[in-house]
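Lettering of chains follows the sequences in order, A, B, ..., and the numbering in each one begins at 1.
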Amino acid sequence: MDFSLSEEQELLQDTVRSYTANECPPPRVREVFDGESGHDADLWKGLVEMGLAGLAVPEAHGGAGLGLLDSALVCEVLGAGAVPAPFLGHTLAVLALRLGGSAPQQERWLPALASGDRLGTVALGEAGGAWAPEEWTLSLQGERADGAKTRVPAGPEAGLVVVGGAGGALGLVDASAGGLRWSAEDSLDRGRRLYALELEEVPIETLAPGTGARVRDAALVLLAADAFGAGTRLVRMAVDYAQARQQFGQPIAAFQAVKHQLANMALDIDPTRGLFWYAAHAFDHLPEESARAAALAKAHITDRAMQVARDAIEIHGGIGMTWECDAQIWFKRALFDRQWAGTPDTHRARLADLGGW
Amino acid sequence: MDLEFGASYQRLREEVREFCAAHWPPRGEEAELPPRDQAIRFRQRAIEAGILFRTVPREYGGAGGETDVLSETVIRQELDAARTPHRSSVQGTHMLVPTLLECGTEEQKQSYIAKTLTGELRWCQGYSEPGAGSDLASLQSRAELDGEHWVLNGQKIWTSQATEADMMFGLFRTEPEAQKHAGISYLLVPMDTPGIDARILKMINGGQDFCEVFFDDARVPAANIVGRRGEGWKVSRSTLKHERLLIGDASGARRSFDGLLDLARRAQRGGQPAIRDAGVRQRLAEIEGYVASQEYAVARMLTAIHKNEDMKVMNEMLMAKLLSTNTGQLVARLAMELLGDEGLTMPTAEDAAMGIPSEYTDSYWVSHSMMTLGTAIAGGASNIQRNIIGERLLGLPRDPRKG
Ligand SMILES: Cc1cc2nc3c(=O)[nH]c(=O)nc-3n(C[C@H](O)[C@H](O)[C@H](O)COP(=O)(O)OP(=O)(O)OC[C@H]3O[C@@H](n4cnc5c(N)ncnc54)[C@H](O)[C@@H]3O)c2cc1C
């Protein structure tokens, strides 16, 4: 039995961590966060050059052929840095093709996704919080699709959109074909902007049935990993602030009440890492457990991370309530991870069903 | 990442399973013996077969072999699954024996270890006093050397199972002039020594495990000191080195969660099993998040310790106690709600005893709701755990020390 990361996986995390720490330190995160598009093309280019765009693409199609755990480990690092990069949607698009694409579809799209020539994204959610594949209504019957999706990452930057349709099916849309209308939502997490998408007579190809639920499960794992990273960083930020801030003639960290608050925050988030490790491992190796493990990881970790985020703001006092304080950026990172693809309670209801309760 | 135990562990698992099937429950004449004697025999055989106490040398009554943390986990899982009485009092096997192995004289090892492993010799831990709890080193019970004897005076309290125990290992102040921690010695005290009076303190759940112990000029042989005079504090800490092998009891959290699921199936809400209720399902699912976190944290610790990479899992090690305390409290709270009116009845004496239940009865859950508070207090209270996490893990300032 070996419940640990391999040396390669630790190296992957170290590499991404030091690259993003150099290229996208907090001041740069803030610039992009407050910028026009929320997208940093140079940063993404750098990440693509490191091989992140093709991490999950099979080697035969020009990628690294790694598992979901490896992608999740990257998400953890990106979450910790609140890195404004379109890795989540892109990786999910890759997985959709890998799991449900025909040989010609894979041949056509995967090399372009691996090389970063095309940015991929997924359009899963529909109005009214319809995230579950069973709830999707967009019709994928004909050769062309009409309908609307919401909360789509990357939006007009994307070159390939994987669209969720009725019956939990997935379809492929070449964004350059025209007929896609993007409108920017006023996104809370401004480092990962969301768009509403309207499709009008857009040519669409379907992927193998059942892929929608698998891609949703992968999304839950990646969000959980991202939230774990964000939560861990928020604890660190709160600890650093508490040691620097003086009141009553001493650092506030020297008050036991504050020390215990910080200890509880660490206890909230730190022990949860195994949930996303296990869920990611199960996704590739334990198919019967995969859906439930993903739901558990998403529900538990994103809830814990959100609690840590709230506590971190409290530790900061008044400054924590400002736009100027970096904590707000990570707070919103954690909030995105919690809300996107369904809130914890919806996934708890699912995991109760899946457990046969 | 590889979640299979691998062939050699699988073989070990099968060996232990076969051993259990052959020896438990006892048959023939042995089935007529009192439960305690049955348990002692079982443990004797398990030691002979090299299953229990594998690293304790043969000359002291152990199996005299090697082990590793994964083997210990596999063995424990199988011994638990077959419901064997492999655990004798943890005070003896998990606290005293490692201490003697580390710091005891040859004679002490010869006299005590073998019988402690089988459970023939039962121990209690005499550390806490009315005035010395979290601040244990402020303890005041005295031992004065008078010729060939230590003369003990003072009082211990919260001493679990003191009335059943044959012996106590305890901390006593022997060097009143020395600085706080340096004035303490670790002594072995026969409980039938004249001048010792152990009394039961009825517990919150009606249980009879808690005691207080009074010493009034009780005379104990001078040789009954472990380590040197004034080194008792250090000796009492030496146990910690052996705790690495004991990691791996998240199985308790899972068993208790499974018990909670059964309770939710049995309890009724609005004319149907409570487990069908959406609110109950939410809360169960939320608790499962904590239970699973704990299991994976343990799996990660096992892996790291097995590879001698303990430093990688300092977080998990320092958080383990508070995490399991908190999970236990969540389970207890929901269990009491599911019990409803049954929660208004006293637990039976059997369910009020400390230890792992054979069955998760309603009465057990009532007792459990109170006993889970004990984990928040005993062995380093939760606030002390928060201090440890804050200071050692997060690098926050230490509390100011007074006295
Ligand atoms: C079920 C059970 C079994 C036990 N068995 C044994 C046994 O066999 N042998 C034995 O010797 N002892 C035993 N104990 C005693 C146990 O070790 C003590 O209860 C424990 O050390 C706490 O000491 P106390 O009870 O004096 O509480 P106190 O130390 O007075 O603590 C009371 C409260 O104050 C808080 N507190 C204390 N210090 C601090 C601080 N520095 N910062 C913040 N908060 C603080 C604690 O968190 C706690 O909530 C047992 C206790 C229990 C509950």
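- Interface remark: A:H260 contributes backbone and side-chain atoms alike to the contact with chain B (heavy atom separation under 4.5 Å).
- Contacts of A:N264 with chain B are made by side-chain atoms alone, with heavy-atom separations under 4.5 Å and no backbone atom involved.
- Ring planes of B:Y296 and A:F3: parallel class, angle under 30° (limits at 30 and 60°).
- Residues A:Q256 and B:D399 bring a donor and an acceptor atom of their side chains to less than 3.5 Å of each other.
- Contacts of A:R350 with chain B are absent, with no heavy-atom separation under 4.5 Å from either backbone or side chain.
- Under the 3.5 Å distance criterion, the side-chain polar atoms of B:R276 are matched with a main-chain donor or acceptor of A:W357.
- Only the side chain of A:V235 comes within contact range of chain B, with heavy atoms under 4.5 Å apart.
- Under a 4.0 Å N-O distance rule, the pair B:E288/A:R348 does not qualify as a salt bridge.
- If you measure heavy-atom distances from A:Q261 to chain B, you find no contacts under 4.5 Å at all.
- With a threshold of 4.5 angstrom between heavy atoms, A:A299 does not approach chain B through any atom at all.
- Note: A:L351 CG to B:R281 CZ = 9.5 Å, rounded to the nearest 0.5 Å.
- In terms of heavy-atom proximity, B:M1 sits nearest to A:L69 at CE-CD2, 3.9 Å.
- For A:T272, the parts sitting under 4.5 Å from any heavy atom of chain B are the backbone and the side chain alike.
- With a 6.0 Å radius and a threshold of 12 heavy atoms from other residues, nucleotides or ligands, A:E288 has its CD atom above the threshold.
- Contacts of A:D240 with chain B are absent, with no heavy-atom separation under 4.5 Å from either backbone or side chain.
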